[in-house]
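For reference, the structure is listed below as structure tokens.
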Amino acid sequence: MTQSAVAKDWRSFEQLGAGVYPTPIEEMPRLRAALGGGPRLFIKRDDYTGPGFGGNKVRKLEFVLAAARAEGADVVLTIGGIRSNHARVTAALSAKAGLECHLILNGDAAPMPASTYLDELYGATIHHVVRGDQRKPTMERIADELRASGRKPCAIPLGASVPLGALGYMRAAEEIATSGIVFDALFHSTSSGGTQAGLVAGLAGSPTKVIGVSADDTAIDIAARVARIAAGVADLLGRKIDPKIEVDAGFIGAGYGIATPEGEEALDLFARCEGVILDPVYTAKAAAGVIARVRAGEFREGQNVLFLHTGGQLALFSRSA
Ligand SMILES: Cc1ncc(COP(=O)(O)O)c(C=O)c1O
């Protein structure tokens, strides 16, 4: 790791200033009662981060798009599934930053998911591909074509899960660490790893154990990604960081985006007990992890457990008129 003379923090890096922070932390006493007691349960509302219907991508793209603009980029490209929250928020923030946006998306576009409809409203150009493995080469080809025509493209990797993006979750970690409540555990949905990398970097050495609940890949694969991104964060900041990485891959079910009975129960419980709407792809499965582990008695009365709501609720809708 390259150690610079003065250690930096996330404030040292330019941001768009587009998101709304700190996001609230609310207690969920009725959910706790429905689970038969146990630790106090809290939720951090990162579904309220603002542009593009909020969620975790706003925090990451704040940093990534500000750097792209500072480097003179005039067009942004990124990749995802047809309902990608990352793609939608990239489209929203690009519109706000005055950058042209191209999204390379795979998956079934009929009926049109709400997220895709918004991508178009935000003015993004959508390039459909059939399979996930066609996204990256297509993005590279379009970026080359744009470059050849005199444009300055910035290609953002999946989920903006790069060290610069993860700084957005160091900022969230700071909000959590300074909230006045000592959390024994923090659960959140994890996939491309940037959210978890920022959280484990920001909460390294704190009493809060971070548990990423996988939406898709194996615990080994995600933990390796998180470790790589967290090492990149340490390099960016010129600090030594010793992150503790735990990924729980026990709630994926049959696969990415395929509903599970535990996830459906979590959707119902959060909505009926707390008036909180989760999304079926990421947060419901992560919440199912919290519910199962609280029910199993992993945490005792007097402990505090935080669930990070990372957004994504538009997956519940498609455009019908
Ligand atoms: C709603 C939601 N939650 C969680 C995640 C996972 O975050 P990360 O990709 O940073 O691991 C995503 C990623 O797409 C998401 O859209």
Side-chain angles (χ1 to χ4, degrees), residues 23 43-49 52-64 78-92 103 105-107 113-115 118-119 132 135 156-170 172-173 186-202 210-219 221-230 232-233 245-249 251-252 256-257 263 266-267 270 276-289 307-316:
T23 54
I43 183 167
K44 184 165 175 64
R45 304 300 304 264
D46 267 17
D47 52 328
Y48 289 171
T49 52
F53 284 74
N56 60 344
K57 299 307 180 292
V58 176
R59 287 192 189 266
K60 303 199 244 180
L61 287 162
E62 281 277 0
F63 288 88
V64 173
T78 200
I79 56 176
I82 192 77
R83 294 167 194 270
S84 167
N85 298 308
H86 163 65
R88 183 186 67 255
V89 175
T90 303
L103 304 175
L105 308 178
N106 71 296
S115 196
L118 295 195
D119 295 340
R135 299 181 304 203
I156 302 175
L158 188 68
S161 283
V162 290
L164 197 56
L167 292 182
Y169 270 92
M170 287 201 84
L186 160 59
F187 287 84
H188 69 93
S189 173
T190 190
S191 174
S192 64
T195 302
Q196 189 161 5
L199 289 171
V200 294
V210 177
I211 301 136
V213 183
S214 172
D216 41 25
D217 291 335
T218 66
D221 284 352
I222 295 185
R225 280 203 287 273
V226 172
R228 249 194 328 271
I229 303 165
V233 169
I245 301 169
E246 178 177 339
V247 178
D248 184 340
F251 296 88
I252 304 167
Y256 175 77
L267 265 173
F270 272 66
V276 170
I277 299 299
L278 301 174
D279 87 290
V281 180
Y282 297 95
T283 52
K285 289 182 178 178
F307 173 71
L308 175 69
H309 192 324
T310 45
Q313 300 100 319
L314 280 184
L316 292 166

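Values reported hereafter were calculated over all heavy atoms of this structure, with side chains retained and with hydrogens, waters and symmetry mates removed. Atoms within each ligand, like the ligands themselves, are counted from 1 in listed order. Index from 1, following the sequence.
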Hey, which atoms in ligand 1 end up nearer than 4.0 Å to a heavy atom of [X]?
{"X": "T195", "result": "7 (O), 8 (P), 10 (O)"}
{"X": "S189", "result": "4 (C), 6 (C)"}
{"X": "G311", "result": "1 (C)"}

Which residue and heavy atom of the protein sit nearest [atom], plus the separation:
{"atom": "atom 16 (O) of ligand 1", "result": "N85 ND2, 2.8 Å"}
{"atom": "atom 9 (O) of ligand 1", "result": "S192 OG, 2.5 Å"}
{"atom": "atom 11 (O) of ligand 1", "result": "S191 N, 2.7 Å"}
{"atom": "atom 12 (C) of ligand 1", "result": "K57 NZ, 3.0 Å"}
{"atom": "atom 4 (C) of ligand 1", "result": "T310 OG1, 3.2 Å"}

- Query: Looking at residues at least two apart in the chain, or sitting in another chain, which of them share a ring-ring contact (aromatic ring centres under 6.0 Å, His included) with Y169?
  - Reply: none

For ligand 1, does [X] get within less than 4.0 Å through its side chain, its backbone, both, or neither, judged by non-hydrogen atoms?
{"X": "N56", "value": "side chain"}
{"X": "K60", "value": "side chain"}
{"X": "S161", "value": "side chain"}
{"X": "Q196", "value": "neither"}

[X] vs [Y] side-chain heavy atoms within contact, under 4.5 Å:
{"X": "L61", "Y": "H86", "result": "yes"}
{"X": "L316", "Y": "P280", "result": "yes"}
{"X": "D119", "Y": "L105", "result": "yes"}
{"X": "R45", "Y": "V276", "result": "yes"}

- Is the backbone N or O of I277 less than 3.5 Å from a side-chain atom of Q313, with the two atoms forming a donor-acceptor pair by type? yes

- Message: Within this structure, what is the CG-CZ distance for the pair L278 and F307, rounded to the nearest 0.5 Å?
- Response: 5.5 Å

- Query: Between the side chains of K60 and S161, does any donor sit under 3.5 Å from an acceptor?
  - Reply: yes

- S84 and R135: side-chain donor and acceptor closer than 3.5 Å?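 Checked: S84/R135 side chains show no N/O donor-acceptor pair below 3.5 Å.
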
- Query: Has G193 got any heavy atom lying under 4.0 angstrom from an atom of ligand 1?
  - Reply: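 The answer is yes: ligand 1 sits under 4.0 Å from a heavy atom of G193.
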
- Could you tell me whether ligand 1 has any atom less than 4.0 Å away from a heavy atom of G194?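 Under 4.0 Å: yes for G194.
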
- If you measure every N/O of T283 against every N/O of ligand 1, is any gap under 3.5 Å? no

